[in-house]
Amino acid sequence: MRLNEKVAVITGGGTGIGKETALLFAQEGAKIILTDIHETSGQGTVEEIKANGGEAIFVRHDVSNENDWRKVADEAIKAYNQVDILFNNAGIYLIKPLAEIELVEWNKLMAINVGGVFLGMKHIMPLMAERQKGSVINASSIAGLVGSPGHVLYGASKGAVRVMTKDAAIEYAPMGVRVNSIHPGYIDTGMADYASEQTGQSKDALGKNLFPLGYLGKVKDVANTVLFLASDDSAYTTGAEFVIDGGATAR
């Protein structure tokens with residue numbers, strides 16, 4: 001019960017990494033405010049948590065909308081009177097050559113991947129600062145660390161998350177709030193399915209060609225790292241990058 005009596009906000013919790021993390025957090029004793037723009041999948045995760053004996057509520061949430069973030073903060077305080085953990089997980093993916101990216105695509109992805117993280121920190125971290133404790137985990141990517149063709153837009157968004165994390169970590173360190181970023185490679189989720197379609201490679205081939213360990217990561221691999229950062233086991237860690245990529249960026 002590494003998160004016993006802690007309250008966690010998890011965005012994009014209806015599927016993939018967000019869902020796996022929410023289930024794991026609940027098993028470890030956390031109370032979950034689970035958000036997603038897709039109500040059916042989000043509610044489904046909440047029902048699964050409850051069926052396993054955990055505690056969770058669902059808030060329909062567009063992370064690029066500031067009023068929605070105000071609603072999430074209000075619902076968290078109304079339900080549990082505190083927030084201890086924020087996992088800024090929600091995001092979208094695009095592989096496209098630089099010269100073909102439309103400005104509308106740029107603005108939409110940035111609003112979600114960067115604006116969503118910014119708004120989450122803006123509205124949740126002050127609640128943590130009031131209690132002089134809290135942990136924020138921001139989902140970046142190895143695309144925020146190294147370059148790759150077709151990733152100018154996505155990489156820009158994840159690079160922004162990487163540095164925003166460090167800025168927020170320094171600003172909020174005196175208030176006892178920690179902020180770290182995670183940097184997965186391809187994990188076996190819908191994003192890997194999309195990458196497989198775009199590159200014409202099977203997921204097995206992507207794993208063998210891109211990652212020294214020879215396979216794609218599993219959602220549990222990421223969830224376990226997020227759990228460590230959310231828990232008091234990482235109490236002296238802030239402003240850091242945690243790479244979960246099967247060795248890809250070590251090359």
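Counting begins at 1 with the first residue of the sequence. Values below: all heavy atoms of this structure, side chains included; hydrogens, waters and symmetry mates excluded.
- Atom OG1 of T35 and atom CZ of R60 lie 10.5 Å apart (nearest 0.5 Å).
- With a 4.5 Å cut-off on side-chain heavy atoms, I187 and M191 do not count as touching.
- For the pair D167 and R162, the salt-bridge criterion is not met [side-chain N within less than 4.0 Å of a carboxylate O].
- A salt bridge links E66 with K122: the closest approach of a Lys/Arg side-chain nitrogen to an acidic carboxylate oxygen falls below 4.0 angstrom.
- A donor-acceptor pair under 3.5 Å is absent between the side-chain atoms of D221 and the main chain of G217, judged by distance alone.
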Next on the checklist: As a quick check of understanding, evaluate side-chain hydrogen bond (donor to acceptor under 3.5 Å, both in side chains) for N209 and Q201, giving each step before the final call.
Outcome noted: CA-CA 10 Å; N209 294 335; Q201 299 183 67; 2.7 Å; yes
Next on the checklist: salt bridge (charged side-chain N to carboxylate O under 4.0 Å, His left out) for R251 and D245? Distances and angles first, verdict last.
Outcome noted: CA-CA 11 Å; R251 286 175 164 163; D245 72 346; over 6 Å; no
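- Side-chain contact annotation: S234 with R178, donor-acceptor N/O pair under 3.5 Å present.
- Here E75 does not pair with K71 in a salt bridge; the nearest charged N to carboxylate O distance is not below 4.0 Å.
- Within the 3.5 Å criterion, the main-chain N or O of I137 finds no donor-acceptor partner in the side chain of N180.
- At least one donor-acceptor pair closer than 3.5 Å links the side chain of K166 to the backbone N or O of G239.
- Checked against the 6.0 Å centroid threshold, F118 and H123 do not count as a close aromatic pair.
- A salt bridge links E5 and K31; the closest N-O separation between the charged side-chain nitrogens and carboxylate oxygens is under 4.0 Å.
- Listed for the S157 side chain is no donor-acceptor partner under 3.5 Å among the backbone atoms of V114.
- If you check the side chains of S181 and N138, you find no donor sitting under 3.5 Å from an acceptor.
- In this structure, a donor-acceptor pair under 3.5 Å is present between the side chains of Q82 and D84.
- When all heavy atoms of F87 and T21 are compared, the closest pair comes out as CE2-OG1, 3.7 Å.
- Of all non-hydrogen atoms in F211 and L206, the two that sit nearest each other are CD1-O, 3.8 Å.
- Between W69 and H61, the ring planes lie perpendicular to each other; the angle is over 60°, past the 30° to 60° tilted range.
- When all heavy atoms of S202 and S196 are compared, the closest pair comes out as CA-OG, 3.7 Å.
- Residue A22 comes nearest to I10 through the heavy atom pair CA-CD1, 3.5 Å, listed as atom of the first residue, atom of the second, then distance.
- Under a 3.5 Å cut-off, the side chain of S135 and the backbone N or O of I85 do not form any donor-acceptor pair.
- Minimum interatomic distance between Y80 and I57 (heavy atoms only, all atoms of both residues): OH-CG2, 4.0 Å.
- Side chains of N4 and E28: no donor on one and acceptor on the other come within 3.5 Å.
- Nearest approach of V117 to V161, heavy atoms of both residues: CG2-CG2, 4.0 Å.
- For K108, the NZ atom counts as loosely surrounded, since its 6.0 Å shell holds 12 or fewer non-hydrogen atoms of other residues, nucleotides or ligands.
- The neighbour count for K203 NZ, taken as heavy atoms of other residues, nucleotides or ligands under 6.0 Å away, is above 12.
- Ionic pairing of E20 and K218 is not present here: no N-O contact between side-chain nitrogen and carboxylate oxygen is shorter than 4.0 angstrom.
- Taking CD1 of I37 as the start and CG of N65 as the end, the distance is 9.0 Å to the nearest 0.5 Å.
- With hydrogens and angles ignored, the 3.5 Å screen pairs a side-chain donor or acceptor of S41 with a backbone N or O of H38.
- At least one donor-acceptor pair under 3.5 Å links the side chain of S140 to the backbone N or O of K158.
- For K19 and D36, the salt-bridge test fails: no basic side-chain N is under 4.0 Å from an acidic carboxylate O.
- Residues E55 and K50 are not paired through a salt bridge, judged by the lack of any N-O separation under 4.0 Å between the basic side chain and the carboxylate.
- Proximity of a side-chain donor or acceptor of H183 to a complementary backbone N or O of I142 within less than 3.5 Å is not detected.
- A side-chain donor from one of D62 and S64 sits under 3.5 Å from a side-chain acceptor of the other.
- Here the side chain of D68 pairs no donor or acceptor atom with the backbone of V63 at under 3.5 angstrom.
- Judged by distance alone, the side chain of T199 and the main-chain N or O of A195 form a donor-acceptor pair under 3.5 Å.
- For the pair N113/Y93, no side-chain contact is recorded, criterion being any heavy-atom separation below 4.5 Å from C-beta on.
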